[in-house]
Colleague: 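One structure, as structure tokens, below. Some questions next.
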Amino acid sequence: RKEVEQDPGPFNVPEGATVAFNCTYSNSASQSFFWYRQDCRKEPKLLMSVYSSGNEDGRFTAQLNRASQYISLLIRDSKLSDSATYLCVPHMTTDSWGKFQFGAGTQVVVTP
Amino acid sequence: NAGVTQTPKFQVLKTGQSMTLQCAQDMNHNSMYWYRQDPGMGLRLIYYSASEGTTDKGEVPNGYNVSRLNKREFSLRLESAAPSQTSVYFCASSELAFTGELFFGEGSRLTVL
């Protein structure tokens, strides 16, 4: 089993709709979680950090389920500009500095 | 504000040739990283440098070497390029690892023929 698994998508979402997708992780010791967004052929950029059960930032909500070892990202009122690939990154604070294990990403396509 | 700057942005090599990817950051970050990204594979860590003067292997270090030249610069060298090293390479930096925020360069697209 991969350490981090994401549905590659694409999730095709009408503008204004809500979309949610999950990221499962295998290491139960993961304590922090990060969502990055990556636009086509661009560099990843941090979208959201999750240190407890979840986090909300505007239209974006991350929810952590430690028992089932997955974290979800929900996007409400989708905008065309939300079209991107969303990368999940679990991390153990006791782990080595460099060990941010990136998922392969979930592609979201918001259509007019 | 430049952030993380990588050069070159594009490069085509023949098998066996060598090259160095350069990376510089102007945010006074201690930690720097080199990742490669291949379709369907996500970002994989090649090498990282927690602080000036130290480097450590990541997940896929074979075929690469790195140099942390100073606090600002972290270079990645391919001594004898192979087609399997065709990829997009990203340099990143961070101040404190636990915040999770990595600042990435724009990427270097390398093709090895």
Side-chain angles (χ1 to χ4, degrees), chain A residues 1-10 21 23-27 29-52 55 57 62 64 71 73 84-107, chain B residues 2-6 9-10 23 25 27 29-61 66 68 74 76 87-109:
Chain A
R1 182 184 173 186
K2 290 182 182 178
E3 287 196 42
V4 186
E5 292 198 63
Q6 296 186 250
D7 184 337
F21 41 90
C23 164
T24 58
Y25 58 95
S26 61
N27 193 334
S30 297
Q31 296 160 300
S32 315
F33 301 84
F34 308 96
W35 283 102
Y36 281 74
R37 73 167 279 166
Q38 185 174 25
D39 296 317
C40 186
R41 301 177 76 82
K42 298 280 191 179
E43 72 274 23
K45 293 182 180 178
L46 182 67
L47 175 69
M48 184 177 289
S49 305
V50 182
Y51 298 107
S52 57
N55 195 5
D57 184 3
L64 176 61
I71 183 166
L73 183 67
T85 297
Y86 292 85
L87 309 175
C88 169
V89 190
H91 185 247
M92 294 188 296
T93 52
T94 55
D95 210 341
S96 177
W97 282 79
K99 288 192 177 180
F100 291 97
Q101 189 71 39
F102 281 80
T106 295
Q107 186 183 7
Chain B
V4 179
T5 303
Q6 290 180 233
K9 287 188 170 43
F10 300 93
C23 175
Q25 51 93 7
M27 295 174 282
H29 286 166
N30 286 308
S31 303
M32 298 186 73
Y33 313 81
W34 276 105
Y35 287 89
R36 61 177 288 174
Q37 186 173 36
D38 303 294
M41 298 288 289
L43 287 153
R44 293 184 291 169
L45 183 65
I46 305 171
Y47 270 94
Y48 66 101
S49 171
S51 60
E52 185 179 357
T54 68
T55 60
D56 285 284
K57 294 179 180 179
E59 184 183 354
V60 288
V66 290
R68 185 74 184 265
F74 189 39
L76 178 72
S87 189
V88 180
Y89 292 84
F90 287 100
C91 177
S93 71
S94 71
E95 179 48 53
L96 294 171
F98 71 84
T99 68
E101 182 155 23
L102 298 173
F103 293 83
F104 286 87
E106 293 182 341
S108 299
R109 298 180 186 282

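Per chain, numbering begins at 1; letters A, B, ... match sequence-line order.
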Colleague: Which atoms of A:Gln38 come close to chain B, meaning under 4.5 Å heavy atom to heavy atom: side chain ones, backbone ones, both, or neither?
Modeller: side chain
Colleague: Rounded to the nearest 0.5 Å, how far apart are CD of A:Gln101 and CD of B:Glu59?
Modeller: 5.0 Å
Colleague: Give me the atom names and distance for the closest heavy-atom approach of B:Leu102 to A:Tyr36.
Modeller: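 Result for this residue pair: N-OH, 2.8 Å.
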Colleague: Among all residues two or more places apart in sequence or in another chain, which pass the ring-ring contact (aromatic ring centres under 6.0 Å, His included) test with B:Tyr47?
Modeller: none
Colleague: Report which part of B:Arg44 has an atom under 4.5 Å of a heavy atom belonging to chain A: side chain, backbone, both, or neither.
Modeller: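 The answer is neither part of B:Arg44.
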Colleague: What pairs with A:Glu43 under side-chain hydrogen bond (donor to acceptor under 3.5 Å, both in side chains), at least two apart in sequence or on another chain?
Modeller: none
Colleague: Going from CG on A:Leu87 to CD on B:Gln37, what distance comes out if it is rounded to the nearest 0.5 angstrom?
Modeller: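 CD of B:Gln37 is found 7.0 Å from CG of A:Leu87.
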Colleague: Minimum heavy-atom separation for A:Pro44 and B:Phe104, please, with both atom names.
Modeller: O-CD1, 3.3 Å
